[in-house]
Amino acid sequence: MEIFGALNKGTSVFFSNSYSLMYSGSDFLLRPIFVRGFSGSLHLVLLFGLLISWVRNKIKMGRHEPPKRSVANARFLNYKQALFFCLGLSLFNLVLFLLNYFYWYRNGWTDEKIVILLDLAFRTFAWLALSVNLHAQLYNSGQPKFPFLLRVWWGFYLSVSCYCLVIDYVNYKNKQYFPTQFMVSDIVSALMGLFFCSVGFLVKNEGEDSLLQEPLLNGRTNVIDGTESNKSIGGETVTPYSNANIFSILSFSWMGPLIAVGSKKTLDLEDVPQLAGLDSVKKAFPIFRNKLESDSGSSSGVTSLALVKALIFLTWREVLLTAFLALLHTLASYVGPYLIDTFVQYLNGRREFKNEGYLLVSAFFMGKIVECLAQRHWFFRLQQAGLRARAALVAMIYTKGLTLSSQSKQGNSSGEIINFMSVDAERIGDFSWYMHDAWIVFLQVALALLILYKNLGFASIATFVATVIMMLANVPLGSLQEKFQEKLMKSKDKRMKATSEILRNMRILKLQGWEMKFLSRIVELRNTEAGWLRRYLYTSATTTFVFWGTPTFVAVVTFGTCVLMGIPLESGKILSALATFRILQGPIYNLPDTISMIAQTKVSLDRIASFLSLDDLHPDAVEKLPRGSSDTAINITDGNFSWDVSSPNPTLKDININVPHGIKVAVCGTVGSGKSTLLSCILGEVPKVSGSLKLGGTKAYVAQSPWIQSGKIEENILFGKDMDRERYEQVLEACSLKKDLEILPFGDQTVIGERGINLSGGQKQRIQIARALYQDADIYLFDDPFSAVDAHTGTHLFKECLLGLPGSKTVIYVTHQVEFLPAADLILVMKDGRITQAGKYSDILNSGSDFMELVGAHQKALSALDSVEDGSVSEKSTISEEGMGSAKKVVQKEGARDGQNDKADDSVGPKGQLVQEEEREKGRVGFSIYWKYITTAYGGAFVPFILLAQVLFQTFQIGSNYWMAWATPVSKDVAPAVAVSTLIVVYVALAIGSSFCIFARALLLATAVYKTATLLFNKMHLSLFRAPMSFFDATPSGRVLNRASTDQSAVDLTLPNLVAAFAFSMIQLLGIIAVMSQVAWQVFIVFIPVIATCVWLQQYYIPSARELSRLIGVCKAPVIQHFAETISGSITIRSFDQELRFQETNMKLQDGYYRPAFHIAGAVEWLCFRLDMLSSITFAFSLVFLISVPVGAITPSVAGLAVTYGLTLNRLQAWVIWNLCNVENKIISVERILQYTCIPSEHPLVIEANRPEHHWPSHGEVDICDLQVRYAPQMPLVLQGLTCTFPGGKKTGIVGRTGSGKTTLIHSLFRLIEPAAGQILIDGINISSIGLHDLRSRLSIIPQDPTMFEGTVRSNLDPLEEYTDEQIWEALDKCQLGDEVRKKEDKLDSAVTENGENWSMGQRQLVCLGRVLLKKSKVLVLDEATASVDTATDNLIQLTLRQHFSDCTVITIAHRITSVLDSDMVLLLDHGLIEEYDSPTKLLENKSSSFAKLVAEYSVRSNSSFDNLANIESQTFIRHHFA
């Protein structure tokens, strides 16, 4: 009851102030009772005013419906800060109230004290009510400004605060007594008043134009496209950081708007603002490149030193600023340890001057504030510099990839080049964190020694020696880590190279049933990598043990030396030393990381420098003539060209050709004769040994293997040029693409999968041709453009694309089809890298044997036509006249069929694109992800032991420090509690215990990490290799590679450290709270609200941080995918001179990736700054409490121990939250890997209960019953109910226009696609009822795209290692490759490079033939198997097949009619339906059959080769166009 009586008395005193004033004289104005009474009265008036305002608003709202306004419209700049500081002021006054109450409660009450308490209470309630009012006012009204009366109050409050401050100063000068907390309170009030006035009167409110006014729910666009909504925040707005004011920069408030948006909705890329200035790669890259080129000069190449110089030049401002901030942070961090001894002596009663305690608290607090500000901006600027360096390096690697010579490319696969970008450049960017650590270590050690010398005298020399010994002990560990890191990277490169190749060729692996064998290869490569990972992790564990033990070791040595030297140990000095050792822990802990990081970064710099030093294409290989300056289009004189410059035998020898503008040149010859190489050397791709090569005009190129970019068909055809609708339509018509586009669900807006996965071979080829024609170049180079299209389309393409649309342009085409040769003005016949004959068709026909061989083979093939066609010449001429006339009927027929297609499509439901946007989890990362991660290794059995080891370590650490503080005297004149020997022995025992615990923890952690990484890798890869083909069709390989590379790296090395750091820092934080609260439980008064605020801030921040992290993952895949596509299509890109456009696209994609990365760095610092401020306030509160208690109430040494721990409180509190957020961000890597462990699997490889007999299929009969197939649930039907039987042991040919469903039928036979309805039976067994491996291993296929893997000839023919060398040689001889392989030095062990690049297309096709000859299956499928070989080789292949597969079922898809004419049955498909199915003889008897027309057209076209009339017609055609 005493307090209530006092309060009643106080209230009457409080209200009698004005009365007393009239009688007390002017000096009463200076008394605290007046100042506090006046302040309290004002706040009470404010409280009443707010209450009246609230009641009035309630009455108004009852009468009128309140205006419904969006939150966004009511917000403006600095609103958050105003609200935050109002709440902060309320909390500050509450803390002062509680402090004073507890202190005065013990010492009795006076009128003055009661008035002061009431003032603080009124202030607390007034500012709290003002916060609530401000929040409600601004949410429910549309005012663009703060209310007028509120701004008047803020002005009045500033005046009163300044008045109070002046009175405090006067009282201090007059040496009158006044509590120092008045000064603290009034300084805070004046600063707050100043802020409120600046917000209310000076800052221009942005109202309607505010960033927060943006609509929060815009329509979203596809991340993959990189397109952005015009209305979005990110789309148009540059990051607020670029024009933020100084307050906003210091407090990271410029991040506020984005975090606010993220807390309300799931962030998308459009919400993230654009980067400005040098933070954008578009600005940074030219500066970096120019500096690198000027430093490298004309020397042998780029060096690591030149790279470092260029990177420093790009980031020098950040480097200097961070160096200054690091220095400031280091100095500020030593303020605490320097003052601790003085603080302990103060608590012990030794006072140097009045108010010394408050001055000490201010020094501690200011040191903390400076330390916090410096650290936050140091870290942010480091990340900014790191991102900029990484962006510039990636852009440089990309540019290099575009200009790399083919020989250099052979040494670096696309997988390795992607690793330079995704791993090495990233590591160099991450090095920015460690940039200043090397010199800061020396500064920190020097400062530590100075403080120790002040406290312990010459014993500090022992500290220095111990520190140096421990640092030197790290050198061998560092070099071991560097070695293991390098080996780890090399083995990772190999694995990524193999993974990249396997993903590219997954279709072949599935068809052949080899996927599990290739999975075992990947696992084998990973095992090698994991071996180095294990060594690396255990070395790191040893390093951790050594350096966690170091501070304890240094302390033991130092205190032991003091004992030996007789230096007295006092608790204050010991606490100062312990605080110093704790700060010294930082550089000592970080030193192994720094050394390891320097080592890793050097490895990465060396790797990138050596890559950038590789040979580029020689720009002088081709001499470009000015346009229109010469009649010559191409001139090669005495040309010798070689893919391998060091080889004594050039690839092309003695080349002499002169091609004038406007003529058509055909290049022919047998497989491997150098035809494609001739085109490559015209493009400047083949190194020139001697001679000259001149080129006049622009060029366009069509490669033999189609290169299609993922993206829309329209984008592929335009290829960077503006849309000219008329020309575009002409090109589509010429390339027969219009019908295809009508069939595709989205026409030319259909998104093509990676490498044109959802297009047939013919469609890819024709899109390629359309791309070349649309460029309207002067010279067209076609490399075997008709190989992948059927006869009808081939004729059309030849007429329209080579003769028609190019008109008077120069065309050079390589072809194996002899029938296309007569129309050429010049024919070049090649053999063994030489042009053996050149001239017109009629001139060279009789002048040499090479050309005669080709023509003879063609005539031999045509004889098959003559044997099946017995119609008269007149009939043939009638058919030939019908050729174009009947086209109308065909079109009408197709139109009707399309009508059916449309209906079928409608029944499917909405049409969808094949390649969907990458799946991205949204919202909080589920607890299940953490649980799966923690329990992956040994079911989580190690986790409790790891945590127990850490708890014991922390207990021993605190125990040893507590022992030293308790057992040593406070000053010289106090007797020690225990003997010196006991003191040291107990301390050493506790130190050994803590060291043992940390060693156990490090070992257990390394073991668990290794096991987890291995298990997750194996699960993901097994799931990937068992995924259905539809997954690979719809998933760009960039997404898979990103998980196998970046995410796996995070699981291997980054995430475990973060999870462990979070757990360990949490345990440390709890330990510190325990120590501090043991000294003064009242600290909890502040701890609880501060921790609550920290948790609230973390919850407010984490949704934005989490989605930004996910965006980083999602935005990285398009960068990698574009990178991989560019490398594979670099020849095409260079041939169209499109390098600049591709570089710009890469930069745009990179900026899309760095935008979320930059803003997450800002978001982390936004959070940490606020947490640091809160923990600094907590620390200051605990210090004020300690100096407020009477002398003797608390043991000074134990209080000092609490302060030493409190010094690390802000760092540790921020560290816990920062680790928690980082874990949330990085756990997304686990989430993404786990996504890929749950891919729906293909059907079982083997079904034990239903295994076919060993000799199945014995007969080979294939029954197809009502087969319906679609590629994905959202796609239309491709096969629409086929029913037919392929007789066993017979040969069936499948023909049809491109895109008619031929290849799809084959995929269904191999169950790459499961039927939507219907079934396929082989020898009476439903293929859907047996295991996939049993099915695919019993069938053979020569695929449309001939594939070879990196390795040897042997491993390509027999990857499962089932056959002897004799069998392999026999197969090679049968497929005409025996002699070619015998020529090579290593015979069967001859190297095959990535994609079989060192073998010609035709040779690769023959290797595929060799595989099936080894396998000897009863059912053989040829999917356009002879498309890439000349007619003579084709005839040989057909002969080989007839000899060795005479009793097998052979199913042939072919564009050459001759390949199917000797079939027993012919199936003609059209738009996924059977149009005709019968024997070729019967189909040819019916002249109106589609097959007969196809044969007739081919026959007429081919026979025209030997018809002079046709020759004259073609020349007339050309002359007409030249005219």
Item checked: Side-chain heavy atoms of Leu1097 within contact of Trp1166, under 4.5 Å -> yes

Next item on the list: For residues Leu130 and Trp153, determine if any side-chain heavy atom of one lies less than 4.5 Å from a side-chain heavy atom of the other.
Entry: yes

Check: How far apart are the C-alpha atoms of Asp1172 and Lys368, what are their side-chain angles, what is the distance that settles it, and do they pass the salt bridge (Lys or Arg N to Asp or Glu O under 4.0 Å) test?
Finding: CA-CA 9 Å; Asp1172 276 359; Lys368 277 285 150 209; over 6 Å; no

Item checked: Atom pair CD1/SG of Ile187 and Cys164 - distance to nearest 0.5 Å -> 12.0 Å

Notebook entry, point to check: Can you list the residues that meet the ring pair (Phe, Tyr, Trp, His ring centres under 6.0 Å) rule with Tyr1101, with sequence neighbours excluded?
Noted result: none

Note to self: Restricting to side chain to side chain contact (heavy atoms under 4.5 Å, CB included), what partner residues turn up for Leu194, sequence neighbours left out?
What the structure shows: Leu158

Margin query: To check you understand the geometry: which heavy-atom pair defines the closest contact between Ser263 and Tyr1100, and what is its length?
Written below: OG-CE1, 3.5 Å

Margin query: With a 4.5 Å cut-off on side-chain heavy atoms, are Val370 and His329 touching?
Written below: no

Next item on the list: Grab the two heavy atoms, one from Ile1160 and one from Ala1105, that are nearest each other, plus how far apart they are.
Entry: CD1-O, 3.3 Å

Check: Side chains of Phe380 and Leu325: does their closest heavy-atom pair fall under 4.5 Å?
Finding: no

Item checked: Taking every non-hydrogen atom, the tightest pair across Val335 and Ala363 -> CG1-O, 3.9 Å

Next item on the list: Evaluate the side-chain proximity of Phe247 to Phe195: yes if any heavy-atom separation is below 4.5 Å, no if none is.
Entry: yes

Checklist line | With sequence neighbours excluded, residues passing side chain to side chain contact (heavy atoms under 4.5 Å, CB included) with Leu128 | finding: Leu87, Ser90

Item checked: Backbone of Trp254 reached by a side-chain donor or acceptor of Ser248 within 3.5 Å -> yes

Check: So how far is it from Met192 CE to Cys197 SG, rounded to the nearest 0.5 Å?
Finding: 12.5 Å

Next item on the list: Working to the nearest 0.5 Å, report the span between CD1 of Ile259 and NE2 of His1159.
Entry: 10.0 Å

Margin query: Is any side-chain heavy atom of Phe365 closer than 4.5 Å to one of Leu1183?
Written below: no

Margin query: Give me the atom names and distance for the closest heavy-atom approach of Trp127 to Cys86.
Written below: CB-O, 3.7 Å

Item checked: Heavy-atom check, side chain of Leu1171 versus side chain of Leu1167, under 4.5 Å -> yes

Item checked: Pair Leu267-Ser1104, side-chain contact (heavy atoms from CB on, under 4.5 Å): steps then yes or no -> CA-CA 7 Å; Leu267 284 180; Ser1104 306; 4.0 Å; yes

Item checked: From Glu1165 atom CD to Gln375 atom CD, the distance as rounded to the nearest 0.5 Å -> 8.0 Å

Item checked: Side chain proximity check, Ile1102 to Leu1220, heavy atoms < 4.5 angstrom -> no

Checklist line | All ring pair (Phe, Tyr, Trp, His ring centres under 6.0 Å) counterparts of Phe379, not counting sequence neighbours | finding: Trp433

Margin query: For the backbone of Leu89 and the side chain of Asn93, can you confirm whether one donor and one acceptor N or O come within less than 3.5 Å of each other?
Written below: yes

Notebook entry, point to check: Taking all atoms of both residues into account, what is the closest heavy-atom pair of Val361 and Ala1180, and its distance?
Noted result: CG1-O, 4.3 Å

Margin query: Checking the side chain of Ser242 only, and the main-chain atoms of Thr239 only, is there a donor and an acceptor separated by less than 3.5 Å?
Written below: yes

Notebook entry, point to check: What pairs with Arg123 under salt bridge (Lys or Arg N to Asp or Glu O under 4.0 Å), at least two apart in sequence or on another chain?
Noted result: Asp119

Margin query: Just to verify, what does Phe1169 make a side chain to side chain contact (heavy atoms under 4.5 Å, CB included) with, not counting sequence neighbours?
Written below: Ser251, Phe252, Cys372, Leu373, Arg376, Met1173

Note to self: Give me the atom names and distance for the closest heavy-atom approach of Asp271 to Thr266.
What the structure shows: OD2-O, 4.0 Å

Check: Would a distance-only check, ignoring hydrogens and angles, find a side-chain to backbone donor-acceptor pair under 3.5 Å from Ser159 to Gly155?
Finding: yes

